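All remarks here apply to the structure that follows.
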Amino acid sequence: MMKRTRINELLISDDLDREVVVKGWVKTRRGNKHVGFIALNDGSTIKNIQIVVDLEEKGEEYIKDVTTGAAIQVNGTLTASEGKGQTVEVKASEVIVLGKSHPDEYPIQPKKHTLEFLRENAHLRFRTNTFSAVNRVRHNLAFAIHKYFHERGYYYINTPIITGSDAEGAGECFKVTNFDLNGAPTDDKGGIDYAQDFFGKETNLTVSGQLEAEAGAMALGQVYTFGPTFRAENSNTSRHLAEFWMIEPEVAFADINDDMDLAEDFIQYVIRFALENCKDDLEFLDNRLADEEKQLPQDKRSMPLLEKLNFVVENDFERITYTEAIDILRNCKPNKKKKFQYLVEEWGMDLQSEHERYLVEKHFKKPVILYNYPKDIKAFYMKQNDDGKTVAAMDVLAPGIGEIVGGSEREADLVKLQTRMKEMDVPEEELWWYLDLRKFGTAPHAGFGLGFERLVVFVTGMGNVRDVIPFPRTPKNAEF
RNA sequence: UCCUCUUUAGCUCAGCUGGUUAGAGCACCUGACUGUUAAUCAGGGGGUCCUUGGUUCGAGCCCAAGAAGAGGAGCCA
């Protein structure tokens with residue numbers, strides 16, 4: 001029996017008038033009682049192949065089950081198309097319906113659906129042009145990430161998903177327990193006795209693999225993680241998920257400048273990879289975005305997707321310190337005219353989304369790396385600068401999505417780290433092993449965390465992280 | 001968690017100041033058409049107006065509570 005050929009191969013083939021077998025899902029069927037046209041897609045490309053069925057020979061009934069969504073096999077001949085709109089098509093000698101799709105019940109119609117509706121049909125939305133394109137781009141970005149690090153001598157390490165400490169200071173955790181929720185054993189003080197739980201201590205789903213990655217970097221030199229991350233924050237925004245994927249490189253003998261170089265080079269590399277390997281999909285997404293924004297006034301529209309990606313790849317990111325950013329913001333028009341909801345006045349304040357957006361989208365009009373933040377608004381493990389006021393932290397801000405990377409040089413000095421932990425009430429006992437890394441062969445090192453879904457949002461031009469992960473987990477939603 | 005908005009046919013939406021039998025486009029079904037491109041044309045079927053309670057002679061519409069969804073904010077990636 002002949003093997004099937006994938007549609008992406010057929011569409012670029014110039015080996016015509018040969019027997020082929022095609023399998024895929026029906027997008028639409030058109031025609032009359034004499035001839036039927038089927039648009040068929042198998043996921044190998046966003047493009048469909050046209051199947052032509054001679055109904056005078058087969059009879060009208062022959063393709064009555066070939067309806068939108070049905071899975072079919074077509075045996076036929078690859079020929080030059082007689083009609084306009086495509087160069088090749090398959091003249092069917094036999095059409096076999098592998099799986100029917102009842103047209104009355106199948107939710108995905110050959111028309112525009114809202115993203116909200118498709119979210120409720122996440123198991124079927126892969127079959128739409130938009131979501132198949134997004135998922136192919138997502139794959140290519142994931143692949144590019146591994147390729148980038150591998151080619152540069154980084155090791156992919158897997159840090160634990162179940163963690164024993166909640167001292168990492170990065171948001172609310174999901175608890176992991178084996179206790180029956182009605183009647184967990186209690187200790188003599190009336191609290192829950194975790195000593196009797198599966199791990200013998202309180203455990204959570206990881207909020208970050210960074211601390212463990214640091215342990216890897218302090219022996220393997222340069223490592224990265226790429227795994228699921230969980231935050232139990234009640235965040236209802238287009239930028240947050242309860243379960244998301246994060247990339248966390250960690251590099252020994254690197255300082256904050258090396259860290260910024262890495263982040264910039266890395267982001268440009270993976271975008272370039274997508275531009276080269278996802279041409280059709282990105283073109284489709286470029287059109288989709290333009291179409292979506294058609295009704296917006298000119299000044300509210302974002303830069304066309306492909307133009308934006310090429311711009312990011314070809315131009316250096318702007319690098320400014322937090323202090324410089326405050327100066328720019330303090331003297332900018334919206335601040336003076338009191339257009340900001342939070343006015344920028346004092347050094348030391350945390351920057352709000354509106355401020356970051358102003359810097360990226362209005363002032364510099366390109367990705368911006370902010371670094372050297374006040375120590376009081378950043379985490380305990382960041383390297384304290386000599387000025388006594390700032391830490392060597394950096395955030396990469398991208399137009400449209402905001403913070404895409406957060407990173408820092410890590411504090412390598414044991415005493416300084418311990419002092420900071422005391423000041424910030426971080427329990428030393430739980431992080432004894434993290435302190436050991438400073439006790440035995442400490443060295444300057446740096447790293448960052450990149451939210452994978454935010455990267456995919458940026459590259460696909462989708463407006464919501466829920467539409468770039470197949471089955472999003474958000475507050476009140478764990479369907480599928 | 002806070003603020004704002006939304007919830008009417010399978011989908012996208014309209015529904016006036018509270019008043020008879022709740023509408024349109026698409027989808028679906030039937031028919032027409034010899035090469036279509038989200039095919040086209042004609043006809044047809046299809047409703048727990050998110051839920052609960054209230055006001056009223058009368059509620060899709062007004063009031064209250066709740067649920068779900070979206071946008072923005074906070075937290076962050």
Side-chain angles (χ1 to χ4, degrees), chain A residues 27-39 47-57 60 64 67-69 79 81-86 89 91 101-121 128-129 168-172 207-210 226-248 263 340-342 350-354 356-357 377-379 395-398 401-407 448-458 463-467 469 474-477 479:
Chain A
K27 285 278 195 184
T28 60
R29 190 190 74 201
R30 298 179 290 270
N32 48 49
K33 71 171 105 164
H34 307 282
V35 59
F37 301 99
I38 303 161
K47 293 176 178 162
N48 305 321
I49 197 159
Q50 174 156 284
I51 310 296
V52 186
V53 191
D54 185 345
L55 298 179
E56 287 193 326
E57 178 193 322
E60 251 183 293
K64 80 171 188 336
T67 53
T68 302
T79 61
S81 178
E82 282 176 39
K84 293 195 177 96
Q86 58 278 317
E89 62 192 18
K91 286 222 180 324
S101 173
H102 199 291
D104 241 358
E105 292 167 36
Y106 185 59
I108 309 296
Q109 296 165 15
K111 60 171 268 191
K112 194 173 158 59
H113 287 290
T114 59
L115 295 173
E116 289 83 8
F117 172 74
L118 293 171
R119 248 170 245 159
E120 286 165 17
N121 292 280
T128 64
N129 289 331
E168 294 163 28
E172 298 290 312
V207 294
S208 163
Q210 180 203 316
F226 186 170
T229 311
F230 307 88
R231 303 273 165 92
E233 230 103 60
N234 193 5
S235 298
N236 291 291
T237 82
S238 55
R239 305 180 302 282
H240 292 86
L241 293 164
E243 176 183 284
F244 64 101
W245 289 71
M246 187 153 68
I247 297 102
E248 295 178 288
F340 284 147
Q341 200 183 336
Y342 295 88
D350 212 344
L351 297 182
Q352 309 291 315
S353 293
E354 56 181 347
E356 296 180 347
R357 260 210 314 277
I377 58 172
K378 289 291 179 182
D395 285 351
V396 179
L397 310 175
I401 181 90
E403 184 178 343
I404 196 166
V405 162
F448 62 76
L450 177 138
F452 186 49
E453 283 73 24
R454 289 187 180 178
L455 176 71
V456 183
V457 160
F458 184 74
N464 195 319
V465 286
R466 293 166 196 154
D467 296 326
I469 189 168
T474 53
K476 299 277 186 290
N477 182 13
E479 194 64 53

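Labels below follow one simple rule: chain letters A, B, ... track the order of the sequence lines, proteins then strands, and each chain is numbered from 1. Since this is a predicted model, take the numbers as computed values, not measurements.
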- Item | Counter-base of B/U51, judged by Watson-Crick or G-U geometry with both distances under 3.5 Å | B/A65
- Message: Centroid distance below 5.5 Å plus an interplanar angle below 30 degrees: do A/F37 and B/A39 meet both conditions?
- Response: no
- Closest non-hydrogen atom pair, A/H240 against A/T474: O-CG2, 4.3 Å
- Item | Between B/G66 and B/U12 - C1' atom distance, rounded Å | 27 Å
- Task: Under a 3.5 Å limit for both distances, which nucleotide forms a Watson-Crick or G-U wobble pair with B/G18, could you say?
- Result: none
- Select one nucleotide: of B/A39, B/A73, B/C11, the one nearest the side-chain heavy atoms of A/Q352. B/A73
- Indicate, with a heavy-atom threshold strictly under 4.0 Å, whether A/N32 touches base, sugar-phosphate, or nothing. base
- Message: Whole angstroms only, please: what is the CZ-P distance between A/F340 and B/G72?
- Response: 17 Å
- Message: Rounding to an integer number of angstrom, what distance separates B/A32 and B/A39 when you compare their C1' atoms?
- Response: 14 Å
- Mind checking who B/A70 pairs with, Watson-Crick or G-U wobble, both distances under 3.5 Å? B/U4
- Message: Please give the distance between the P atoms of B/G60 and B/G54 as a whole number of Å.
- Response: 15 Å
- Query: Counting only N and O atoms by type, is there a donor-acceptor contact under 3.5 Å from the side chain of A/E453 to the main-chain atoms of A/L241?
  - Reply: no
- Query: Between B/U12 atom P and A/E116 atom CD, what is the distance in whole Å?
  - Reply: 9 Å
- Note on the structure: note: A/N236, atom CG; B/C3, atom P; distance rounded to Å ~ 13 Å
- Can you tell me, in whole Å, how much space there is between the P of B/U20 and that of B/A38? 42 Å
- Specify the residue among A/Q341 and A/H113 whose closest nucleotide of RNA chain B lies further upstream toward the 5′ end. A/H113
- Query: If you check the A/S235 side chain, which of B/G74, B/C26, B/A77 turns out closest?
  - Reply: B/G74
- Message: Using only modelled atom types and a 3.5 angstrom limit, is any donor from either the side chain of A/K112 or the base of B/G25 paired with an acceptor on the other?
- Response: no
- Task: For B/U37 versus B/C3, give the span between their C1' atoms, rounded off to a whole number of Å.
- Result: 47 Å
- Query: For B/C76, which nucleotide is its Watson-Crick or G-U wobble mate, given both distances must be under 3.5 Å?
  - Reply: none
- Message: If we ignore hydrogens and angles and just use 3.5 Å, is the side chain of A/S101 paired with the main-chain N or O of A/T68 as donor and acceptor?
- Response: yes
- Gap in Å between the two P atoms, one belonging to B/C11 and one to B/U30, rounded: 22 Å
- Note on the structure: Partner of B/G23 under the Watson-Crick or G-U wobble criteria, both distances under 3.5 Å, comes out as B/C13
- Message: So if I take every side-chain heavy atom of A/K91 and compare against B/A77, B/G35, B/A38, which nucleotide ends up nearest?
- Response: B/G35
- Query: In terms of side-chain heavy atoms of A/R119, which of B/A70, B/A77, B/G35 is nearest?
  - Reply: B/A70
- Query: Considering Watson-Crick and G-U wobble pairs with both distances under 3.5 Å, what does B/G43 pair with?
  - Reply: B/C29
- Task: Look at the side chain of A/N234 and the backbone N and O of A/N236, then say whether any donor-acceptor pair between them is shorter than 3.5 Å.
- Result: no
- B/A65 to B/C28 separation - P atoms, rounded to the nearest Å: 43 Å
- Message: If you only use heavy atoms from C-beta on, which nucleotide in B/C28, B/G35, B/G25 is closest to the side chain of A/D104?
- Response: B/C28
- Query: Between atom NZ in A/K33 and atom C1' in B/U36, what is the gap in whole Å?
  - Reply: 17 Å
- Winner on side-chain proximity to A/T237, out of B/C75, B/G74, B/C11, is B/G74
- Looking for any heavy atom pair under 4.0 Å, which part of the strands does A/Q50 touch: base, sugar-phosphate only, or nothing? base
- Note on the structure: Ranking B/U1, B/G71, B/C76 by distance to the side chain of A/N234, first place goes to B/U1
- Item | Closest nucleotide among B/U37, B/A77, B/C76 to the A/D350 side chain | B/C76
- Message: Can you tell me the base-pairing partner of B/U34? Count Watson-Crick or G-U wobble geometry only, both distances below 3.5 Å, and say none if there is no partner.
- Response: none
- Nearest to the side chain of A/Q109, which nucleotide is it out of B/U36, B/G10, B/A77? B/G10
- Are A/T114 and B/U12 close enough that a side-chain N or O sits under 4.0 Å from OP1 or OP2? yes
